[in-house]
S.K.: 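If you scroll down you'll find the structure; I have some questions about it.
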Amino acid sequence: METDNLYQQRIEKLKRLQESGARVYERSFPGRSLVRDAIDQFAEGREMCLAGRLISLRGHGKSVFADMRDVSGKIQIYLRADTIGKDVFEHVKQIDIGDIVGVRGTLFTTRMGEKTLEVKEFTILVKALREPPLGKSKEDQHWYSLADVETRYRQRYLDLMSNEESRRVFLLRSRIIRCIRAFLDARGFIEVETPMMHPIPGGATARPFVTHHRALDTDLYLRIAPELYLKRLLVGGMEKIYELNRNFRNEGISTRHNPEFTMLELYEAFADYRGIMQLVEEMISTLAREVLGAESIVFKGHTISLAPPWERIPLLDAVRKQTGEDLSPERGEKSAVAIAERLKLQIEGPKTYPKIVDEVVKSLVVPRLVQPTFLIDYPVALSPLAKKKPDNPLLTERFQPFIGGLEVGNAFSELCDPLDQRERFEAQHVDRERGDEEAQRMDEDFIRALEYGMPPAGGLGIGIDRLVMLFSGKESIRDVILFPQLKPEEK
RNA sequence: GGGCGCGUAGCUCAGGGGUAGAGCAACUGCCUUUUAAGCAGUGGGUCGGAGGUUCGAGCCCUCCCGCGCUCACCA
C-alpha cells in the first residue's frame, strides 16, 4: 500500500470510501442546527442534526469519539459500531481530522460529564486531503497551533481554522464595521458608493496605483481617497453621507500600512470641525461600549480611556511643548529648515515647510499621544482641502485624532471657496514641480463643482484597520486584514 | 534599500563541529463512555538554496532566497 505521505494516505482513504459506496462531497446538508444550540438547549435524549469539521479523533476499536466544530462552537460526537451499523462504521474508520461531516443522533452526557451527540446517521460531506494544522486543546488551554506568520497570512484559512484568537479578531472587525454603520444610519447619514477608479487621483497626498482602460484608451488611478467625489455629492444636495470602503496607496508596507486599506469617510453639511470632533468622540466611545462592553482599551500595555471629551491641542502648541521650537507658518520655510537641522531630522527629498512640520509631528509628537487626543489647527500648507481659520489664514480648521500613538483619522471644515481651492491646488502644483510626488493635483472638474456652491460642511476620514488594531490590541495591521499584501509566492 | 533576527518531519519546537531528535499528527495491532484517551510497534528529513573552511558542517564563513521586527519611505 502506498502510504509514504499524508496526502497519499488520504487519497487512499477517499478511494476506499468511494469504492464502498460512501457518498463524499455532498451537495448540501439541510436541516442542521448549530452546535451552540445543541449545547445551550441540551436535553438528554434530544434528537439533533449537526454538521462541522472534525478537529480531534479518539478511536476505541468499535467506537470513536470525535470533536466537531462549526461556526458557533465545538461539540463531542460519539460513533458506535452497534448504533450506526457495521457498514457505516467501516466508513467511520476512514475519517481524518479535517473532514467535514454531517451527523444526526441523540444528545447524552458521558460518564465524564461531557455533553455529547451519539450518532445514528453519519455522512462524510467533504473529505479533506490535507491535514489541517490544528493543535490540541482542552477547555481554555491550547498546546500548539499554526504559528508561522507567513503561512498565517498567505493561507489565512489555516490561521482561522487553527487560531481562536484570529477568529476573534475578524469577528470583532465585522462587529466594529456593523456598529459604525448603525451609528451613522441612526444619525441620518446615508451610505454612498463613489468610483474606485479615478481619472485624477485626489483627496489625499499619496502616490496612486495606475491602471489602463482599454476601451477608453486612458489611464485610470485606483483611488487614494473618495473625498472629492463625496464633496461633489454635497454640491448635489446630499447633506449627510458616508462611504466605507477601500483606498489604495502605492507606498511602503509596514506594521501600520497596507497598500489597500479600509477608510470611513463622512461629510456633514452645515457642520464644522468642532461638530465632527464631537461625532468622533461619540462614535468611537460608543463603538467601544457596544463592541467591547467597556469604554477603555489596552494597547501596547497602556490602558486608554476612550470616554469623551478627548484632549484638544493646537498642533503648533504640541510641537512647542515637545521640542521647544516654534514652527508657526509666519516664521517661514527657512526657520523651519533651521529647526529641522537643530532637531536632527532626516528628511528625504525637498525640505518644504509642510514636509518638515509633518516630520516633526510624526516623529516627536505623535508617539506621545497615547490617550485620545485631537491635534487641531494645522498649517494651511499641509491642508490643501481644509477651510482657513477666520482669525489666522495661515492655519486651517483641521484636526487629527490620535489614540495609542496611532493616527486614526483626519478631518476638517471643508474648504468650499472655489477660488481659494484653485489657489491651493496651484500651490500644490508648485511643490509637485519641486519634486514632491505626493503633492495634490489640480482637478478642474472638482473646482467646477465647487463653483456651483458646496454648503459649509465638516468632513472626516477614519482608518478602520487602525481602529480594529486598537480594539483588538494588535500591533500589526496584517493581523487585522484577512489577506494582507505580501510578495507573490514563489513556485 | 540599511540594521537586527529567524528558516530543522505535516504542525509546534529542541539540537550550536563527530550516527538528525521530541511532542502532536500519520501508519499497523489491541481497545464500545474517551477527552492533550491509553498500550505496543512502524514510517517520515536534500536541516531554505548555492558555494567555501574542515578529516568531518543543521552547527563556522560568503553569497542568494523567503519571512518577521526596525530604520528609511509612507498621513
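The figures here come from the full heavy-atom set of this structure, side chains too, leaving out hydrogens, waters and symmetry mates. Residue numbering restarts at 1 for every chain, and letters A, B, ... go by the order of the sequence lines.
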S.K.: Base, sugar-phosphate or nothing for Gly463(A)? Non-hydrogen atoms, less than 4.0 Å.
M.R.: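 Result for Gly463(A) = nothing.
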
S.K.: Taking only side-chain nitrogens and oxygens of Lys355(A), does any of them come within less than 4.0 Å of OP1 or OP2 of rC74(B)?
M.R.: yes

S.K.: Sticking with atom C1', work out how far rG2(B) lies from rC73(B), rounded to a whole angstrom.
M.R.: 12 Å

S.K.: Per the side chain to side chain contact (heavy atoms under 4.5 Å, CB included) rule, which among Ser413(A), Pro379(A), Ser383(A) passes with Arg398(A)?
M.R.: Ser383(A)

S.K.: Taking atom types as modelled, is there a side-chain donor on Thr352(A) or Glu333(A) under 3.5 Å from an acceptor on the other?
M.R.: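 No, because no side-chain N or O of Thr352(A) sits under 3.5 Å from a partner of the opposite role on Glu333(A).
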
S.K.: Once the angle between the rings of Tyr78(A) and Phe108(A) is folded into 0 to 90°, is it parallel (under 30°), tilted (30 to 60°) or perpendicular (over 60°)?
M.R.: tilted

S.K.: With a non-hydrogen cut-off below 4.0 angstrom, is Glu118(A) in contact with a base, only sugar-phosphate, or nothing?
M.R.: nothing

S.K.: Is there a side-chain polar atom (N or O) of Lys487(A) under 4.0 Å from OP1 or OP2 of rG66(B)?
M.R.: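 The answer is yes; a side-chain N or O of Lys487(A) sits under 4.0 Å from OP1 or OP2.
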
S.K.: From the set rA36(B), rC24(B), rC73(B), return the single nucleotide nearest to any side-chain atom of Trp143(A).
M.R.: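 Of all the options, the side chain of Trp143(A) is nearest to rA36(B).
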
S.K.: Out of rU34(B), rC74(B), rU32(B), which nucleotide sits closest to the side chain of Tyr78(A)?
M.R.: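 Selected nucleotide (nearest to the side chain): rU32(B).
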
S.K.: Contact class for Ser476(A) vs. all strands (heavy atom < 4.0 Å): base, sugar-phosphate, or nothing?
M.R.: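 Answer is sugar-phosphate: Ser476(A) comes under 4.0 Å of backbone atoms only.
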
S.K.: Confirm from the modelled atom types if Arg80(A) and rU32(B) form a donor-acceptor pair under 3.5 Å, side chain to base only.
M.R.: yes

S.K.: Going from CE on Met442(A) to CD on Gln428(A), what distance comes out if it is rounded to the nearest 0.5 angstrom?
M.R.: 10.5 Å

S.K.: Touch check for Arg152(A), heavy atoms < 4.0 angstrom, all strands: base, sugar-phosphate only, or nothing?
M.R.: nothing

S.K.: If only side-chain N and O atoms of Lys74(A) are considered, is one of them under 4.0 Å from the OP1 or OP2 phosphate oxygen of rU35(B)?
M.R.: no

S.K.: Look at all strands and tell whether Ala204(A) reaches a base, only sugar-phosphate, or nothing, counting heavy atoms closer than 4.0 Å.
M.R.: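 No contact.
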
S.K.: Please classify rG58(B) as syn or anti, treating any glycosidic angle within 90° of 0 as syn.
M.R.: syn

S.K.: Ignoring backbone atoms, test whether Arg111(A) places a side-chain nitrogen or oxygen under 4.0 Å from the OP1 or OP2 oxygen of rU34(B).
M.R.: yes

S.K.: Hey, does Lys138(A) reach any base, or is it just sugar-phosphate, or nothing, if we go heavy atoms under 4.0 Å?
M.R.: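 Sugar-phosphate only.
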
S.K.: Check whether any side-chain N or O of Arg154(A) sits under 4.0 Å from OP1 or OP2 of rC67(B), and answer yes or no.
M.R.: yes

S.K.: Find the partner of rG38(B): check Watson-Crick (N1-N3 plus N6-O4 or O6-N4) and G-U wobble (N1-O2, O6-N3) distances, both under 3.5 Å, and reply none if neither fits.
M.R.: rC30(B)

S.K.: Please determine if a side-chain N or O atom of Ser63(A) lies less than 4.0 Å away from the OP1 or OP2 oxygen of rC31(B).
M.R.: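 No, outside the criterion.
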
S.K.: Would you please confirm or rule out a distance under 4.0 Å between OP1 or OP2 of rC11(B) and any side-chain N or O of Ser162(A)?
M.R.: no

S.K.: Please determine whether any donor N or O and acceptor N or O are separated by less than 3.5 Å between the side chain of Ser56(A) and the base of rU35(B).
M.R.: no

S.K.: Any base atoms under 4.0 Å from Thr83(A), or only sugar-phosphate, or nothing? Heavy atoms, all strands.
M.R.: nothing

S.K.: To the side chain of Leu146(A), which of rC11(B), rC27(B), rG66(B) is closest?
M.R.: rC11(B)

S.K.: Base, sugar-phosphate, or nothing: which does Glu114(A) touch, judged by heavy atoms less than 4.0 Å apart?
M.R.: base

S.K.: Taking Arg58(A) for its side chain and Ser56(A) for its backbone only, find out whether a donor-acceptor pair lies under 3.5 Å.
M.R.: no

